[in-house]
Amino acid sequence: MVATLLTHNYFSNFNAPRIVSLNPCEPPNPNQSQYAVSGPRFPKLNQLQLTHFSASKTLTEPCNITLIDALRSCIDSGSIEDALYLFEEMNHSDTFTWNIVIKGLVQKGLFDEAISYFHRMEFEGVRPDKFTYPFVLKACAGLLSFKEGSKVHAKLIKVGLDLDVYICNSLISMYMKVGCLESGENVFEEMSARDLVSWNAMVSGYQLVGDSLSSLVCLREMVSVGIRPDSFSFISGLGACSVEGFGRNGKEVHCQVIRNGFEMDPRVETSLIDMYGKCGNAIYAERVFNMIVDKNIVTWNVMVAGYAYNARFYESFSCVKKMQDVGKLTPDVITMINLLPACAQTGALLMAKSIHASAIRKGFLPHIVLETALVDFYGRCGKLKLAEHVFTQINQKNLASWNAMIAAYVQNGWYSEALELFLDMWYNSVKLDVITFASILPAYAEITSLSEGRQIHAVVTKLRLSSSNVIISNSIIYLYAKCGDLRTAGRCFDGMVCKDVVSWNTIIMAYAIHGFGRVSVQFFQEMIENGIKPNKSTFVSLLSACSISGMVDEGWEYFNSMKRDYGINPGIEHFGCMLDLIGRTGNLDLAKHFIEEMPLVPTARIWGSLLSASRKANDIEFAEVASKHALSLEHDNTGCYILLSNMYAEAGRWADVEKIKTLVIQEGIAKTMGCSTVEKDYKVHRFVDQDGSNAQVNMINDVMDIITKMTVKDEDVYARRITKLRRTDLTRKKPNVPGNHSVRSAISFGLISTKLGSPVLIRKNVRICEACHIFAKRVSKISKREMVVGDSKVFHHFEDGNCSCGDYW
DNA sequence: CTAGGGTTAG
C-alpha cells in the first residue's frame, strides 16, 4: 500500500518540469541553471532500476530499501540531479540515506553543497554517524577550508567520534590538504593506534605541501614500526622525490618498490616514470616506460612530459605519434598541455596552432589549464595578440591564468599592459601570489617610477613576500637601482638573509649602472669570498661595471679569468662589454680587430658599440663602417641614424645629414623626442626640449636664468661648447640648442620642487648631452645638492661638481 | 548496504 502511494507520487510528477535546488537551506532558484533539472529529466531509469521498482511491487519489501537502491544507482551513474530529486521525494529520516547523498555530492566535487546537506541533516534532527564524517571532511578538504574542517573536528570531539581510526585518517588528510601541517601532525600523534592508511595520509600529506623530506622520513618510519608500505605509500613517496635534487631518494624508493613487489602496479610504474623525468633522469624514465607492456594514456602523457622536461623536445613529439600508432590511443587534454612547452622551446608555432585547433574541434575547450598553457605558449612565442585572444575567452579566470597573461606581457616588453592587468587583479580583489609579483616586478623596474616602485615594495613587504622569497627580493633590488635609488637598493641587498647568485649579480649591476664600478668589484670579491660561484650573468655585470667606470685593466683581467678560473666561455654579451671597454680607450683599430677576432658572429649591438666608440673618437670613417654593419642587421635602429647624423652635422657635412634624413623618412622611423621627467607628489612632470607647457614654466625659467648666470664662466668648456654649436646653428638650423634642453628645465624644476638636501632625481629617455652634463655638474657644486640623472643607459650621480661617470658615457 | 590514503596538467 505504501509502495503504491510512493510510486504514484513519483509518477505523478513524471512530466512536470522540476527544479531542484542544490542548496537545501534555500528555496529552489530557477536561475541556478547549472544543476537545475529543466524538464522531465527524471526518471531516466536503466534496466536495473526498473527491476527494483517492479520487484518492490511484487515482493513486499520495505519500499525505502528499493528507493535507496535507486538513489545509489543514480549516484553511480553520475546523475546527481536525479538523485537529489529522488531524495526529496523519499523518506529521509535515517542517517544512511543522507550519507549516500552526501557521498554523491562529494564524488561530484560539489563540496559546498555536501556541507550544506550535512548542516540540513543536523537541522532536521538526523544524527550523523562515523560514516558521514569522512565524506564531510573530504568536502572540507576539497574546499581547502581549514575553517570548515576545524569546525567539523570540534564537533567530532564533542560527539566523541574523534578516536575512530577512519575519522582520524580523514582528519589528517583534510588538515594536510588545506595546508595545516601542524593540525594534521597533532591528530596523527594523538592516535592510539595508527594503521597503514594513517601513515599513508602523512606521507601523501607531506608530499602535497612540498615537504619532500618529511614525506620520505615518514615512509621510512612506517617501515621501521613494522608497517608494510603498499602502492599508495609508494606513489606518494615517489611524488615526494619528483623534484630536482631528489633523484637519489627516488632510486631508493624504486628499490623498495621492487623489494615489495609493486613494480608491476601500473600507477606505481607511472609514478616512477614521472619521478625520473622530473629528476632529470630521462634515461631511467625511458627504461621504466619501455618495460611496461600495457601503457595507458597516463603512462604516455608522463613520458611525453618527461622528454619535454629534459629538453628532448623532438622525442616528446615522436612519443605522441607513437602513442597514437603503437598505443592506439588518442591524445587528450593533458597530452596537449604537456606538448605546448616543447612547442614553445622549439618555436613550433604551427604545431601549437594545430593543437589549439584540434582542442577546439574535439570540444576540449573551454578548459582552464589548457587555455592557460596556450596563453603561456603564445606569450613565449611573442604572439601577444593570440595570447590575449585566448585569455579574454577564459570565462572563469583563475590565478594561474592571470599570472600567465601578465608574464606574457612582461616577457615581450608590454609593460603598461602588464601593469593594467595587474591593477585589474588588484582592484578586483583577485588573490595574488608570489608568481604574480615575480612576474610584475620587472615591469615596475622598467617604467622607472620611484614612487610607484616604493608602493609596490610596500605591498610586497606587507604580504611578507620579500622576506621569504629570493626572486622577489632580487627584483626589488633591481627595481630600486633602475628607479635611481641606489641607496635603497643597497639596503635591500644588505637586509637579505639568503642571497643567491642572482642577488649578487643584481647588486653588482646596480652599482655598475650608477657608475660606481669600484663598488661593483668589491661586491664581486665579497661574493667569491662567500663561496658563491659566479655565472655568465655575473660577468656581464662585472664587465659592464669595468667598462662604464673605465676600469680598463681590471676589465681585461676579469675577461681573461672567465674561462681560466671559472670555466665560463665568454658569450656575445661579454664581447659587447669588452668592446665598450676598448671603445673607451679610443683605440678604434683595436676595437675593430677585436670584432674580427671574435669567435662569434657580431650582432647589431656589437656594431653599435663600435659606433659609439667612433663617435667618442670623432672618427666618421669608422662610424660609417659601424653603422653600415649595424643597419644591415637592424635597419630600424634609430640611435644609429641619429648618431651618424649628429656626427655629420658637427663636421658641417649637411648633404650627408640630409641624406640620412631622407633615409629615416623612407624607413618610416620616428625620432625619439628627447624628454626628461621629474616625479613630484606621485605625479610625473615631463619636460620636452623647447617646451613651455609646464605650469611653473616662468619660475623654472627664472631659476634656470639664475643658475645659468652662476654657472657660465668665461673660458670654460661649457661656454666653448655653446659657441661651437652656435656657430653651426648659423649655418643650418639645428634643434640641439643646449639652452632649451629638457634636462636643464628638469633640474631647475627638481631643485625648487623637492626637499632641500635630498637628491634631485631626473630621468631622460635618451642619452644626456655634453652640455647638460656640464650644466648638471656645475649646479651640483653651487647648489650643494646631489643630482641623479638616469639616461637611457646609465645613471649620472652629480655631486660637488663631479659626476660618477667620470665624464665618459 | 556507506567510510580513510593514490598516477599525468598551467
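For the numbers below, each heavy atom of this structure counts, side chains included, while hydrogens, waters and symmetry mates do not. Below, chain A is the first sequence line, B the second, and so on; all start at residue 1.
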Between atom [atom1] in [X] and atom [atom2] in [N], what is the gap in whole Å?
X: A:N99; N: B:dC1; atom1: CG; atom2: C1'; answer: 11 Å
X: A:L238; N: B:dT8; atom1: CG; atom2: P; answer: 11 Å
X: A:K138; N: B:dT2; atom1: NZ; atom2: C1'; answer: 12 Å
X: A:D332; N: B:dT7; atom1: CG; atom2: C1'; answer: 13 Å
X: A:F364; N: B:dG10; atom1: CZ; atom2: P; answer: 17 Å
X: A:R194; N: B:dG5; atom1: CZ; atom2: C1'; answer: 16 Å
X: A:R380; N: B:dG10; atom1: CZ; atom2: C1'; answer: 10 Å
X: A:M176; N: B:dG5; atom1: CE; atom2: P; answer: 13 Å

Counting heavy atoms from C-beta on, name the nucleotide in [options] closest to the side chain of [X].
X: A:I100; options: B:dT2, B:dG4, B:dA3; answer: B:dT2
X: A:R267; options: B:dG4, B:dG6, B:dG10; answer: B:dG6
X: A:K103; options: B:dG10, B:dT2, B:dT7; answer: B:dT2
X: A:I334; options: B:dG10, B:dT8, B:dA3; answer: B:dT8
X: A:F96; options: B:dA9, B:dT2, B:dG5; answer: B:dT2
X: A:I337; options: B:dG10, B:dG5, B:dA3; answer: B:dG10
X: A:K130; options: B:dA3, B:dG10, B:dG6; answer: B:dA3
X: A:F232; options: B:dG6, B:dT2, B:dG10; answer: B:dG6

Verdict with reasoning, A:F289 to A:W300, per ring pair (Phe, Tyr, Trp, His ring centres under 6.0 Å) = CA-CA 8 Å; A:F289 178 76; A:W300 286 97; 5.2 Å; yes
With a 4.5 Å limit on heavy-atom distance, are the side chains of A:N260 and A:R228 in contact?
->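 Yes - at least one pair of side-chain heavy atoms lies under 4.5 Å apart.
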For [X], answer base if it contacts any base atom (sugar-phosphate contacts may also be present), sugar-phosphate if it contacts only those atoms, and nothing otherwise; contact means non-hydrogen atoms under 4.0 Å.
X: A:L374; value: nothing
X: A:N338; value: sugar-phosphate
X: A:F135; value: sugar-phosphate
X: A:N403; value: nothing
X: A:L340; value: nothing

Interface residues of [range] with DNA chain B (non-hydrogen, below 4.0 angstrom):
range: residues 292-313 of chain A; answer: A:V298, A:N301, A:V302
range: residues 153-175 of chain A; answer: A:D164, A:V165, A:Y166, A:N169, A:S170, A:S173
range: residues 271-286 of chain A; answer: A:S271, A:D274, A:K278

Has the side chain of A:D230 got a donor or acceptor atom sitting under 3.5 Å from an opposite partner on the base of B:dG5?
->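 A donor-acceptor contact between them is present.
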Spell out yes or no: do the side chain of A:D195 and the base of B:dG4 have one donor N/O and one acceptor N/O closer than 3.5 Å?
->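 Pair found.
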Verify the distance criterion only: is there a donor paired with an acceptor across the side chains of A:S183 and A:N186 at less than 3.5 Å?
->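 No, A:N186 and A:S183 have no side-chain donor paired with an acceptor closer than 3.5 Å.
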Compute whether any side-chain donor of one residue and acceptor of the other, for A:T436 and A:N403, lie under 3.5 angstrom apart.
->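 Note: A:T436 and A:N403 side chains meet the donor-acceptor criterion.
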Could you work out, with side-chain contact (heavy atoms from CB on, under 4.5 Å) as the rule, every residue matching [X], not counting sequence neighbours?
X: A:N428; value: A:D424, A:V430
X: A:I258; value: A:H254, A:E263
X: A:N249; value: A:L216, A:C241, A:F246

Would you please name every residue forming a salt bridge (Lys or Arg N to Asp or Glu O under 4.0 Å) with A:R194, sequence neighbours left out?
->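 Partners of A:R194 by the salt bridge (Lys or Arg N to Asp or Glu O under 4.0 Å) criterion come out as none, since no residue qualifies.
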Sequence neighbours left out, cut at 3.5 Å: what donor-acceptor pairs do the side chains of residues 385-393 of chain A make with other protein atoms?
| unit_1 | atom_1 | unit_2 | atom_2 | d |
| --- | --- | --- | --- | --- |
| A:K385 | NZ | A:E388 | OE1 | 3.3 |
| A:E388 | OE2 | A:Y409 | OH | 2.4 |
| A:T392 | OG1 | A:E388 | O | 2.9 |
| A:T392 | OG1 | A:H389 | O | 3.0 |

Show every donor-acceptor pair shorter than 3.5 Å between a side-chain atom in residues 152-164 of chain A and any protein atom, with sequence neighbours excluded, or say none if there are none.
| unit_1 | atom_1 | unit_2 | atom_2 | d |
| --- | --- | --- | --- | --- |
| A:H153 | ND1 | A:Y175 | OH | 2.7 |
| A:K155 | NZ | A:E122 | OE1 | 3.1 |
| A:K155 | NZ | A:E122 | OE2 | 3.3 |
| A:D164 | OD1 | A:Y166 | N | 2.9 |
| A:D164 | OD1 | A:I167 | N | 3.0 |

Return no unless some side-chain N or O of A:S204 is found under 4.0 Å from OP1 or OP2 of B:dG6.
->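 Yes, such a contact exists.
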Tell me, which pairs form a salt bridge (charged side-chain N to carboxylate O under 4.0 Å, His left out) where one or both residues lie in residues 249-260 of chain A, sequence neighbours left out?
->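 Checked against salt bridge (charged side-chain N to carboxylate O under 4.0 Å, His left out) - neighbours excluded - the pairs reaching residues 249-260 of chain A are A:R220-A:E252.
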Sorted by first residue and then second, give each salt bridge (charged side-chain N to carboxylate O under 4.0 Å, His left out) pair with at least one member in residues 318-336 of chain A; sequence neighbours left out.
->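 Salt bridge (charged side-chain N to carboxylate O under 4.0 Å, His left out) check on residues 318-336 of chain A returns A:K321-A:D325.
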Table please: side-chain donor-acceptor pairs of residues 200-215 of chain A below 3.5 Å, with sequence neighbours left out.
| unit_1 | atom_1 | unit_2 | atom_2 | d |
| --- | --- | --- | --- | --- |
| A:N200 | OD1 | A:S233 | OG | 2.7 |
| A:N200 | ND2 | A:D230 | OD1 | 3.1 |
| A:Y206 | OH | A:E185 | OE2 | 2.5 |
| A:D211 | OD1 | A:S214 | N | 3.2 |
| A:D211 | OD1 | A:S214 | OG | 3.0 |
| A:D211 | OD2 | A:S214 | OG | 2.6 |
| A:S212 | OG | A:A240 | O | 2.8 |
| A:S215 | OG | A:V203 | O | 2.9 |

